[in-house]
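Please read the structure below before turning to the comments.
Start at 1 and go down the list; that is how both ligands and their atoms are numbered.
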Amino acid sequence: MSGDCILGNNIIDVFEKYRVIPVVVIEDADFALGLADALLEGGLPVAEITFRTKAAGQTISILNDKRPELTLGAGTVLTLDNLKAAKDCGAKFAVAPGLNPNIVSKAQELKLDFYPGIATPTDIEQALVLGCKILKFFPAEACGGVKFLKAISGPYKHTGIKFIPTGGINADNLAGYLQLPSVPACGGSWIAKKDEISNKNWSQISEKCRAIADIIKRISS
Ligand code: 3PG
């Protein structure tokens with residue numbers, strides 16, 4: 001299997017710059033612009049739009065057209081159809097909660113930056129064989145969180161593998177993850193919750209983005 005399932009430099013640069021990827025469930029593409037502007041206002045112009053709703057692809061298409069300054073990826077890519085839809089709507093990256101070799105291989109063929117989910121050393125080794133060096137660690141908190149990532153750095157650090165922990169992460173535990181050298185960024189749904197989006201609580205979302213910037217500033221100083 002080829003070794004080209006590595007996130008493109010542009011995407012990894014975005015992750016390293018912003019350090020948090022909001023995981024979004026959007027029920028209606030009519031909320032797309034409001035959500036985009038809330039993220040931009042908060043200084044966090046990146047998001048994973050999960051393919052759990054019919055509105056996901058349309059949201060990415062609309063925002064690529066109207067708010068191109070955002071970097072949007074497709075989340076919850078569970079099937080080859082999801083992956084093709086992600087490519088067609090212009091997602092800049094795709095991500096899944098688990099590791100499906102068929103999807104990895106198709107992402108390589110479509111030249112769509114894809115990072116699969118892992119939760120065990122066996123998953124990590126399979127991902128390495130498939131050429132993936134950026135992995136979603138999911139569900140991070142339930143699987144041991146920072147302690148797990150520290151424990152596995154022994155055998156895997158020299159491979160250059162990086163993790164995007166997601167699942168149970170929030171403003172209280174974020175710093176612990178971001179301080180690990182193997183973590184370019186974390187993902188999480190706490191920034192823009194489903195009900196905040198449907199209730200158009202845009203200022204609340206922007207405020208959480210700003211709070212993230214403060215956390216990052218604190219751990220970088
Ligand atoms: C995901 O969709 O990747 C996770 O459900 C996000 O996990 P969280 O809701 O605990 O942030």
Side-chain angles (χ1 to χ4, degrees), residues 7 11 14-15 18-27 31-32 35 38-39 42 44 46-57 59-60 70-79 82-83 85-86 89 91-100 103-104 107 112-120 123-124 127 132 134-149 162-178 180 182-199 201 204-209 211-213 215-216:
L7 284 184
I11 297 299
V14 169
F15 291 174
Y18 295 108
R19 307 224 59 202
V20 170
I21 306 159
V23 174
V24 171
V25 179
I26 187 160
E27 299 284 0
F31 299 129
L35 169 69
L39 295 173
L44 191 53
V46 56
E48 172 194 325
I49 310 293
T50 58
F51 272 52
R52 293 172 211 176
T53 65
K54 290 202 175 76
T59 296
I60 295 177
L70 279 170
T71 301
L72 298 175
T76 323
V77 171
L78 303 182
T79 65
N82 290 155
L83 190 71
C89 71
K92 302 294 186 309
F93 62 91
V95 51
L99 174 63
N100 178 334
I103 293 188
V104 172
L112 177 58
D113 289 325
F114 176 75
Y115 57 105
I118 61 87
T120 68
D123 296 344
I124 293 171
C132 303
I134 309 280
L135 306 174
K136 171 171 177 162
F137 170 37
F138 177 80
E141 277 291 291
C143 287
V146 167
K147 210 169 165 188
F148 174 94
L149 290 171
K162 301 281 181 201
F163 300 95
I164 313 278
T166 308
I169 298 179
N170 53 48
D172 295 331
N173 58 15
L174 176 67
Y177 286 97
L178 294 183
L180 299 175
S182 62
V183 173
C186 288
S189 66
W190 89 95
I191 306 128
K193 293 186 186 152
K194 201 157 70 169
D195 57 331
E196 288 172 329
I197 295 171
S198 34
N199 292 327
N201 286 340
Q204 212 164 304
I205 292 172
S206 300
E207 190 48 46
K208 282 187 271 184
C209 295
I212 287 168
I215 291 168
I216 295 166

Of V46, I212, I169, I164, the residue whose pairing with V20 passes side chain to side chain contact (heavy atoms under 4.5 Å, CB included): I212

Please state which part of K193 comes within less than 4.0 Å of ligand 1, counting heavy atoms only: side chain, backbone, both or neither. neither

Is the contact between K136 and ligand 1 made by the side chain, the backbone, both, or neither, using heavy atoms and a 4.0 Å cut-off? side chain

Mind listing the closest non-hydrogen atom pair of T50 and A56 along with its distance? O-CB, 3.2 Å

L83 and A94: which non-hydrogen atoms are nearest, and at how many Å? CD1-CB, 4.1 Å

Mind checking whether V146 and L149 have side chains closer than 4.5 Å, heavy atoms only? no

Heavy-atom contact check, 4.0 Å cutoff: does R52 meet ligand 1? yes

Whether T50 lies under 4.0 Å from ligand 1, heavy atom: no

Would S189 count as a polar contact of ligand 1, with the cut-off being nitrogen or oxygen pairs under 3.5 Å? yes

Tell me whether G168 has any N or O atom under 3.5 angstrom from an N or O of ligand 1. yes

Specify the protein heavy atom at minimum distance from [atom]: its residue, its atom name, and the distance to 0.1 Å.
atom                   : value
atom 7 (O) of ligand 1 : G167 CA, 3.4 Å
atom 4 (C) of ligand 1 : F138 CE1, 3.6 Å
atom 6 (C) of ligand 1 : T166 CG2, 3.7 Å

Do S198 and D195 meet the criterion of a side-chain donor-acceptor pair at a distance under 3.5 Å? no

Look at the aromatic rings of F148 and F137 and report parallel, tilted or perpendicular, splitting at 30° and 60°. parallel

Looking at CD1 of I103 and CG of L112, how far apart are the two atoms once the value is rounded to the nearest 0.5 Å? 11.0 Å

Ligand 1 atoms nearer than 4.0 angstrom to some heavy atom of G188 are 11 (O)

